[in-house]
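Report on the following structure.
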Amino acid sequence: MDLSNLNKMQRQAVETTDGPLLVLAGAGSGKTRVLTHRIAYLIEEKDIFPSNILAITFTNKAAEEMKKRVARLIGQGAFGMWMGTFHSICLRILRRHAEVINYKSDFTIYDVADQNTVVKNSMKQLEIDTKRLNPKHVRNVISMAKNEKIGPERFEEIHGGNFKFEQYIRIYHLYQKTLKNNNAMDFDDLINKTIEILQLDEEVLKKYQKKFKYILIDEYQDTNFVQYLLAALLSGGHHNLCAVGDGDQSIYKFRGADIRNIYEFEKDFSEAKIIKLEQNYRSTQTILDAANHVISRNQGRKPKNLWTANGKGDQINYYAAYTEKDEANYVLNKIEQYKEKSYDEFAILYRTNAQSRNFEEVFMKNNIPYQIIGGLKFYERMEIKDVMAYLKLIQNPVDDIAFERIVNVPKRGIGKRSVEKLSDYAEDRGISLYEALLEIEKVGALSSRAKNAFSEFREIIRSIRKKLDHLNVLDVFDMVIEKSGYLDDLRLKGDVQSTTRIENVGELKSVVTEFIKSKENEEESEGDLSTFLAETTLQAGIDTLADDEPGVLMMTLHSAKGLEFPNVFLVGMEENLFPSFMSSGTDEDLEEERRLCYVGITRAEKRLFLSHSNSRSLYGKTNRNAPSRFLDEIPDELINIDSKSIDSVSSKSALKTSKDGSFKAGMKVKHKSFGSGTIIENNDGILTIAFDGQGIKKLMADVAPIEVVS
DNA sequence: ATATTAGTTTTTTTT
DNA sequence: AAACTAATAT
């Protein structure tokens, strides 16, 4: 095993194979390189079977990438090695041992939207007003409890008698019961239930402890309590647990991640060794200096000394935009200025998904290829959720959430009232909606007309389910489309939106086709419907990144974790936006925002561009935000101030005057009451003008009292 | 049962 | 500004 291209610390991290090991890996310090070499080293030098290794990554994409790199190192695939996210690893265990906790192994996974529906339905049943108590908030309370391994009973023990919590307790109980009845698990259950299996069944625990002789966990700073618990359980016999992470990059507190996991690793695992990787290979000295200065403001951190042998490189560019459009144009101009080979050398990182729109518009207008990661994900679109609900119901007929979603989609004359009647019938008998549907004739409350409509729906599902054993996923998909009449209905509507939806359903079909192709060489059970449904539900935004379609990448700072790009734009560096107004409450929240900023800065290899906009619209209102405090935390000498280059506005798309060609961006003008200012944009005769000391106004060119000064 | 309208609510980040 | 919800009309 050739370790000559590793530095001393990296090599130590590879060779310290036994016992608990924490690798504190600063940004860009070659962490993935260490992990892949470590796995290769275990296999080649220590003669460990790949099947005895478990490696947990943060995204499926990272797992795929790492598998490839290990294969390259050892000259063949590491067959039998378990590598994936906590959720996908747990899923594999759950499918095998679901019976231990009285679940059927073909359970459905509920995503956040499904969870919200369950919470809402539960609240309705309990007659709790969803106006007075936000279901999304309740979902979060439940999820946070689960992250701490607190089930409904324990939750009641802790909070019982507390008036404020009475409702949470009742909802949580019903929520969990509903999931069980629907043979479904939410994201948190995947981990919790796996732990339950291991705790309940000594033999299963022993089996996996014996199997996973070496365990590696990446991004350890973003694990939560139950994930820590799982790691501790699995490594219980041998303690060969290698955790890799960086406390300064912990950015998932809102999801239950606990930064203490990494800070207290030594306490949790006795005789743990700690290795620090402090040499950065990614960024220029300038970029690293900026990052170090920003993160040093955090009080609750363990100091470290991240350094690089790279040269100083370019200064960091800073631009104060007038408007969001101006900011987008600035980015566009810089991309054209610095582009070498391909557009994927650039990434635009922002705090919130909504910010992608302005950039998208500018790129579209100028024919620049781009990819947006995350946002409204493919699988969250209405039509995709509809078709998936058909598949889910066929796979798991007791899934009432899926049932209710599609019972009248496309419209077949089954109204709300009829579903309620069916639901009452089912509830009285303690059966699922589908089971009630099977005996629809016996549901007295329904009119014969409603019964007919219901039995039409029943035949769609039943006929496909009957043949399920002989069909592959693609066949099922085709039958769903055909029998449900879903596409026919969309075609009939014929509007633009329906056309897009038809295209999306078509794209889902190619996803199915791809899925079948990718599982050709696997065991039969790996390519079945329940695997397809689970894999798509557990997909991260970044997992959909297409490497073969080079374009400017746009994503949130969260999605950018673990990635690197030659040129990075950190946009929307404004107070209230970044740091977010939601997190300006406590120091702890603010420190997490600062870590997010640190993550953003350290994604950049060569150049970093920081920008903010004087005006920004949110909620249909235009706001003015001060520049982000994080900008002040970067030393001035590292920064080059890009002039408020009016050129950047005028050179491209912004200035195509049609109504009044006499007003151009950059012109100094005078207004009767607002005084002097500069034209930012002339959009079909609507002028955007930055008035000195008066802010930005929009005025009509042909009626406003404006005169050109120069 | 469904289409239309008016009123309301929302965006922080995600497996 | 867009998307969701509830009330009202067809």
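Convention: sequence-line order gives letters A, B, ...; per-chain numbering from 1.
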Quiz item: Taking only residues two or more places apart in sequence or in another chain, which ones pass side chain to side chain donor-acceptor pair (under 3.5 Å) with A:E148?
Solution: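 Here no residue qualifies.
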Exercise. Taking side chain to side chain donor-acceptor pair (under 3.5 Å) as the test, write out the residues that go with A:S611, two or more places apart.
Key: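 Listed in chain order: A:E327.
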Self-check item: Quiz item: cation-pi between A:R95 and A:F107, 6.0 Å / 45°
Solution: yes
Just to be sure I understand the rule, does [X] reach a base, reach only the sugar-phosphate, or reach nothing, if contact means heavy atoms closer than 4.0 Å?
X	value
A:I414	sugar-phosphate
A:K131	sugar-phosphate
A:S418	sugar-phosphate

In terms of side-chain heavy atoms of [X], which of [options] is nearest?
X	options	answer
A:H87	B:dT11, B:dT15, B:dT14	B:dT15
A:K411	B:dA3, B:dT9, B:dT15	B:dA3
A:F254	B:dT11, B:dT15, B:dT14	B:dT14

Quiz item: Does A:R357 have any salt bridge (charged side-chain N to carboxylate O under 4.0 Å, His left out) partners at least two apart in sequence or in another chain, and if so, which?
Solution: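 With sequence neighbours excluded, A:R357 shows a salt bridge (charged side-chain N to carboxylate O under 4.0 Å, His left out) to A:E361, given in chain and number order.
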Quiz item: Of A:R417 and A:Q539, whose nearest nucleotide on DNA chain B comes first from the 5' end?
Solution: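 Nearest nucleotide further toward 5': that of A:R417.
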Self-check item: Range on DNA chain C touched by chain A - first to last nucleotide, heavy-atom distance under 4.0 Å
Solution: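 Both ends considered, the range comes out as C:dA1 to C:dT5.
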Quiz item: With A:F58, which residues qualify under ring-ring contact (aromatic ring centres under 6.0 Å, His included), at least two apart?
Solution: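 In terms of ring-ring contact (aromatic ring centres under 6.0 Å, His included), with neighbours along the sequence ignored, A:F58 is linked to A:Y252.
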Quiz item: When the distance from CE of A:M555 to P of B:dT14 is rounded to whole Å, what number comes out?
Solution: 11 Å
For residues 112-119 of chain A, which side-chain N or O atoms pair as donor and acceptor with protein atoms under 3.5 Å away, sequence neighbours left out?
{"residue": "A:D114", "atom": "OD2", "partner": "A:D111", "partner atom": "N", "Å": "3.2"}
{"residue": "A:D114", "atom": "OD2", "partner": "A:K392", "partner atom": "NZ", "Å": "3.1"}
{"residue": "A:Q115", "atom": "OE1", "partner": "A:R139", "partner atom": "NH1", "Å": "3.2"}
{"residue": "A:N116", "atom": "ND2", "partner": "A:V112", "partner atom": "O", "Å": "3.4"}
{"residue": "A:T117", "atom": "OG1", "partner": "A:A113", "partner atom": "O", "Å": "2.9"}

Quiz prompt | Between C:dA6 and B:dT11 - P atom distance, rounded Å | solution =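 Their P atoms lie roughly 16 Å apart.
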